[in-house]
Each structure stands twice: as structure tokens, then as C-alpha cells.
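One structure below.
Chain letters run A, B, ... following the sequence lines, proteins first, then strands; residues in each count from 1.
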Protein chains: 2
Amino acid sequence: MSTISDVAARAGVSTATVSRALNGKSTVDPQLAARVRAAAAELGYRPNGPARNLRRQETVVLTLIISDVANPFFTAMARGVEDVAHAAGYSVVLCNSDDDPAKERAYVDIAVQERMAGILVSPTGRGDSAGVLAAQGAPVVAVDRPLPGTPGDTVLVDGALAARQAAEHLVQQGYSRIGCITGPSGVPTADERLAGYRAGLRAARLPAAADLVRRCEFRAQGAYRAALDLVNRDDPPDALLIGNNAMAIGVLEALAELGIRPGREIGLIAFDDAPWAALLDPPLSVVSQPAYDMGTAAAQLLLERIGGASTAARTVTLSAHLIPRASSDPHA
Amino acid sequence: MSTISDVAARAGVSTATVSRALNGKSTVDPQLAARVRAAAAELGYRPNGPARNLRRQETVVLTLIISDVANPFFTAMARGVEDVAHAAGYSVVLCNSDDDPAKERAYVDIAVQERMAGILVSPTGRGDSAGVLAAQGAPVVAVDRPLPGTPGDTVLVDGALAARQAAEHLVQQGYSRIGCITGPSGVPTADERLAGYRAGLRAARLPAAADLVRRCEFRAQGAYRAALDLVNRDDPPDALLIGNNAMAIGVLEALAELGIRPGREIGLIAFDDAPWAALLDPPLSVVSQPAYDMGTAAAQLLLERIGGASTAARTVTLSAHLIPRASSDPHA
DNA sequence: TTGTACGCGTTATCAT
DNA sequence: ATGATAACGCGTACAA
């Protein structure tokens, strides 16, 4: 692969002139510049990124670490990040932590080592990534979940409020034995949804039914088992608040197997809207989170932080809203 | 951010010893090594990636460029790539080209400039990324779609065969006016699915109905309009072969709006299985592509190519298989 | 306007 | 076993 000196030799100029001509920085004789560009094109010259980054001490690529690429919520967020980043001349690379603290940590290490311009991370909540980040003082913003320990820029949604509203909606619809399937203990989004659910029951003067709560990973499989488990009880729930998109699929599979129809036989509300949610029969009620906007907000925060503008940590909290559909209507 | 010389100073040794101790390469006095590690830890030292890559002339990160992060097909593929890559000590970063040749090109440029160890790309089919890649001689493998022009390593699925089988299945089920909504002309996967569809009709001695074919981007919106357009004809199709996952959503939305029930009123088969396809009412018949396996195969090819093993370009072709469900059953 | 020369942080070679 | 030093490819201050 040809270097800047190859180009210089071919164009009969110094490497400094090549650099200037190609970066359009200082003023260069138009004719020389043309010769340089021609030489570069003929050689298929591409500047060596590592060398350039080393010299410039900066990059124009952002790292976005998410916990599940297959989750539409995170991909929508990624779109938001990308749109803002691209407009500002940055590129974005995605890393998939798989909700595994070790993988998250590995990607954080890479981002730090490669001296990425900035890092957006939707933390698993466990693990020590936060420490690494804090120690390096790299520009970071946490999305969806706060970074434990360090008070950095953060973009959240008020999941507790949304969960509470969802629970109250189920009560209003006439359900009275409301269960909840949410993520692992310690994961902030999982915890806050559970708290909101409980607050909703309390507000409706319904007894807190600890035995109607199940916790598992934010995946279909665990939710599938949890749903079977709950529904096969002697006193099964008559409604379910579901922690996310992927879990909803597991629950729906379980109910389909048992021939239980959502809405009439069991009320259902799941976190995260998805393109297919409205296509189900009955359509699935959801708590829609502003994923795209979370992405744009996070990217903006990060860009400002990179710019070195403010120094105080900021937290942006967006709100989710309930989209009631027939799966939470007992008369549907 | 501290450098290797900071660590060296703190440990009272030379930078060379620090490098050796931290990389465990050459043999170092255990006591000294411990002192070095301690110093590094205290300083929160992280090796400078660009400097290291510059010196080593190599990276351990792979770039995977896909056209749609929100498409489960591509994310499943990404999982396959990641699993194989991680096992071999490589990391993977995802880039979202959005099916936009310019974005694809931009990410290819980045990957090449950053001297990524290897590149996996699912090309838009348009644009000149292939030329750049070929010129640089970077390790590349194309997934899902071939890289136009250059005969490099490629992982494909036999979409023509699968489309033909799908069309024939629809015929067997009793449908006779079968339409097709597929991707843009020039996109290989779109073209081959159309070709297979036509072959299926021919094999069944059904007239090729050019006016029942619609082409648009591989997205929901275009497919939504195409479906409305087709169904509102005087002589509408009685079945539809749909180009992919996202398009299926658009078609289903259109049909739901018009109150047309899949299966009984219009046969439906879509490319790409998705977790929600079986949950629909009626469940959606799909052509399931081995996305995960495509990812692992591609990653293996790439790793071998990076290793410098073979020199001849290889093409791996996997096969898709039809999963008939009720949406292609007129009696359901 | 153009060229010379140094340094970015690391690893590898060569002495010691 | 350890240290001094060159080199990776680039951008830029300084000199011409």
C-alpha cells in the first residue's frame, strides 16, 4: 500500500506539499496540487489512518456500544445517533455487547485505546466499564441506562412513570391480578419498570402481588418460561406488564401455545413499540420509547462534550407514552 | 492520558521493558514485570492504539458493513460474524450503510484507511466500493450480495431457487394470479428473487404477469404503496411473493387497512424469517435464509484470507428453505 | 509557495 | 535480561 512519500516521489514534490495539497490546508500552487492529486489517484493512495490519528491526536469516529443489535429499540437509537453524527462530520461504529459485561468492557477498552473521539454506551449496569471510562476522561455519554458510579452525561427515559401509567391503564381496563415480567435485578431499566409497576398497583389500592413478578434476561426465551410459569399457576394473573420487545415475543409464543388470547383472556402491555406490534391479532399495546430522539440527544450531548463546551454533567430525561391497543382491552 | 514513557519512568525502567512486560513477549524478570504492571495500573495506562497499529502494521478488528441494522436478517448475520471473530481474537465493528452507496463508500474508506484487519460487506450493488477495495488489496468478503466487478470471496444464498420454490408452492396451494414485490433493479438479491419467481410461474405453465410485479426499495413504505397499488387493480393478484422482512410489514399494513385477510383472501410468502412472523394471525409463510450461518461462513473465509492461506477466490452458496404457514393456505 | 526536519507512542532490532 | 534507538506514516513549525 503506497505511502505519502510514494506520492511525493511520483509527483516530484516533497511530502509536505502532498500533505498540504491533499488536505487543502495551506495554500498550494494549483498546478502542483493537480499533479499531486493525479499521482495520488494513480497510486490509489489512501492516507494511513493510524499514522494520521497518531499525529493529529484525534479521530472523527464515534463508538456506540449497545446491548442487543437485534432489538429494534437500540437500532432506532443508533439511527438517531448516526444522523446527528454524520451531520457533524463524524462516523459511527456499532458494537454489540450482548448484555455481557465482559464484552462491553472489551469494546470500551478498544474504544479508549483507539482514542475514539467519543463513546456512547448503553451499559449493562454490571461490570466495571465505568471505572475505565472515568479514569481515561474520555468523552462519554450513557444512553438508556446510567453509567454506575460516575456522574457523566446521560440520556434516560422515565421508565418508572411509564410503567406506572401502564399498570394504571390495565387497572382501569378492569384487570385486577396484574403480573410483571422484567429484566434482571440491578439493571436500572428493569428495576425502574418494576418500581413503576408497583407504584401503579399501590395507587390503585391493589395488593402488591410479589408472586406475580418474574425477572429474567431481556430476551424471548426467559420471558417464555416466565409466562408459562405464571399462567400455569392456580391463581394466574389476568394481565401482564412486559419488560421489553424481545420478552414480548417470548410471552406471545407461550400464550399462543396455550391457546390463550391476549386482551380478552389476558391483558398485555409491553415496553418498546415495534413495526409488527400493530399487526398482531389483537394488536399489542405498548409503551413507546422515543428511541430515535434518545439517540439524537445523546449524540448532541457527546458532540458538545467533545467540543469541550460545558463541564457539568447533564442528564436529559425523555418521556415514554402508552399506546393502548386491543391487547389491553378485555372487551376486544 | 499517560504514555508508555510515563509508565517507564514510574517503574524506573526503559520503555522497551515496559512494552515487553505488558505484552508478555520476550522474557522479563518477574519482579520487574510486577513493578511495571503496578505502575501501569496506578497510572491507568492504556496503550495508544493508533501508535501501536502504526508500528505493528496490523489491527485485530474487523469491519462489517451492512445495509440495514434494523433488519433481523442482517443482525443475525452479524451475530454469526461476531461469534467466529471473537473466538479467533478479533473484534467486530458494525457500520450501517443504509443501502446508500455513498455511505457504504464512506465506511469502506474508513475501514481501508484505518487499516482494519478485514472487511465484510453486504454491498448495495451500486456504487464503486468494489474498485476501492480491489485497488487496496484489503482482505474482503462479500456477504448476501456479490461485490460487482471483482471476483473475491463471497457468501451467497441461492435466492433464485428459493423464490422459485416459493412461487411453485403458491401454485400448488391453488393460487393462480401471483404477484411479486421485490427490491430495486440492479440489486442482485432483488433480481434473483424476481428471476426465481418467474421461473416458478413458467414451470407451472402460468403466464408471466409483468403487471403484477412491483419494485421498490427494500423497505416497508415502498412495499406498502406497491401492495395498495396491486390490490386496487381491476384484476388484483390472489397471492404475493414479498422480497424481504421489512417489505412484509408494509404489505401487511396495507392489507390490514383494506381488511384483506392473508391466506384465505390473498396468499403471502415473504423472504426472511423473523421472530414475530409465526405470531401473526394467520402466521406468515416465509423463506428462511441461514443468516447466522452466512455470517459464520463469511467470517471464516475472511480469517483465512487474512491468514494469507488461499489465493483463489471462493464462493460459498447456502440454501434457503421455505417455511409454509397459514398465510399461503387458501383454506386456512 | 515549497522543502526540511522533528515528533506523535509504540514495538523491534541491536547492543550490552 | 535490559536499555538505547530506529522506524512505522503523517502533519506542521520553521526555514528558505
Side-chain angles (χ1 to χ4, degrees), chain A residues 1-37 39-40 43-61 109-117 136-138, chain B residues 1-37 39-40 43-61 109-117 136-138:
Chain A
M1 210 164 308
S2 50
T3 73
I4 197 173
S5 6
D6 297 331
V7 178
R10 180 158 188 132
V13 299
S14 74
T15 59
T17 300
V18 174
S19 177
R20 283 189 286 250
L22 261 28
N23 293 312
K25 283 297 176 192
S26 180
T27 158
V28 181
D29 183 283
Q31 194 175 340
L32 260 196
R35 225 163 69 204
V36 168
R37 277 192 299 271
L43 264 43
Y45 168 70
R46 327 279 336 180
N48 182 305
R52 160 179 284 178
N53 296 336
L54 174 58
R55 172 65 225 226
R56 287 192 176 157
Q57 301 283 59
E58 64 173 4
T59 324
V60 289
V61 15
D109 278 343
I110 291 177
V112 168
Q113 287 199 11
E114 297 303 323
R115 304 297 194 262
M116 296 293 192
Q136 302 308 321
Chain B
M1 211 166 306
S2 51
T3 73
I4 197 172
S5 6
D6 298 331
V7 179
R10 179 156 190 133
V13 299
S14 74
T15 60
T17 300
V18 174
S19 177
R20 282 190 286 250
L22 262 28
N23 293 311
K25 283 298 174 190
S26 182
T27 158
V28 182
D29 182 283
Q31 194 176 341
L32 260 195
R35 225 164 69 206
V36 168
R37 277 193 299 271
L43 265 42
Y45 167 70
R46 327 278 339 180
N48 182 304
R52 161 178 283 179
N53 297 336
L54 173 60
R55 172 65 225 214
R56 286 191 176 160
Q57 301 282 60
E58 65 174 4
T59 325
V60 289
V61 16
D109 278 343
I110 290 177
V112 169
Q113 287 198 11
E114 298 303 323
R115 304 298 194 261
M116 296 295 193
Q136 302 308 320

From CD of A:Glu58 across to C1' of D:dT12 the rounded distance in Å is 14 Å

| said: Looking at C:dG3, I'd like to know if its phosphate oxygens (OP1 or OP2) sit under 4.0 Å from a side-chain N or O belonging to A:Thr17. | reply: yes

Taken to the nearest 0.5 Å, the spacing of B:Met1 CE from B:Asn48 CG works out to 8.5 Å

Here the gap from A:Leu32 atom CG to A:Arg37 atom CZ, rounded to the nearest 0.5 Å, amounts to 10.5 Å

Across all chains, not counting sequence neighbours, the side chain to side chain donor-acceptor pair (under 3.5 Å) partners of B:Thr3 are B:Ser5

A:Arg55 meets the side chain to side chain donor-acceptor pair (under 3.5 Å) criterion, sequence neighbours left out, with none

Letter by letter from the 5' end, nucleotides 7-16 of chain C scores (B base, S sugar-phosphate only, - none; protein heavy atoms under 4.0 Å) BBBBBBB---

Mind checking whether B:Gln113 and A:Arg52 have side chains closer than 4.5 Å, heavy atoms only? yes

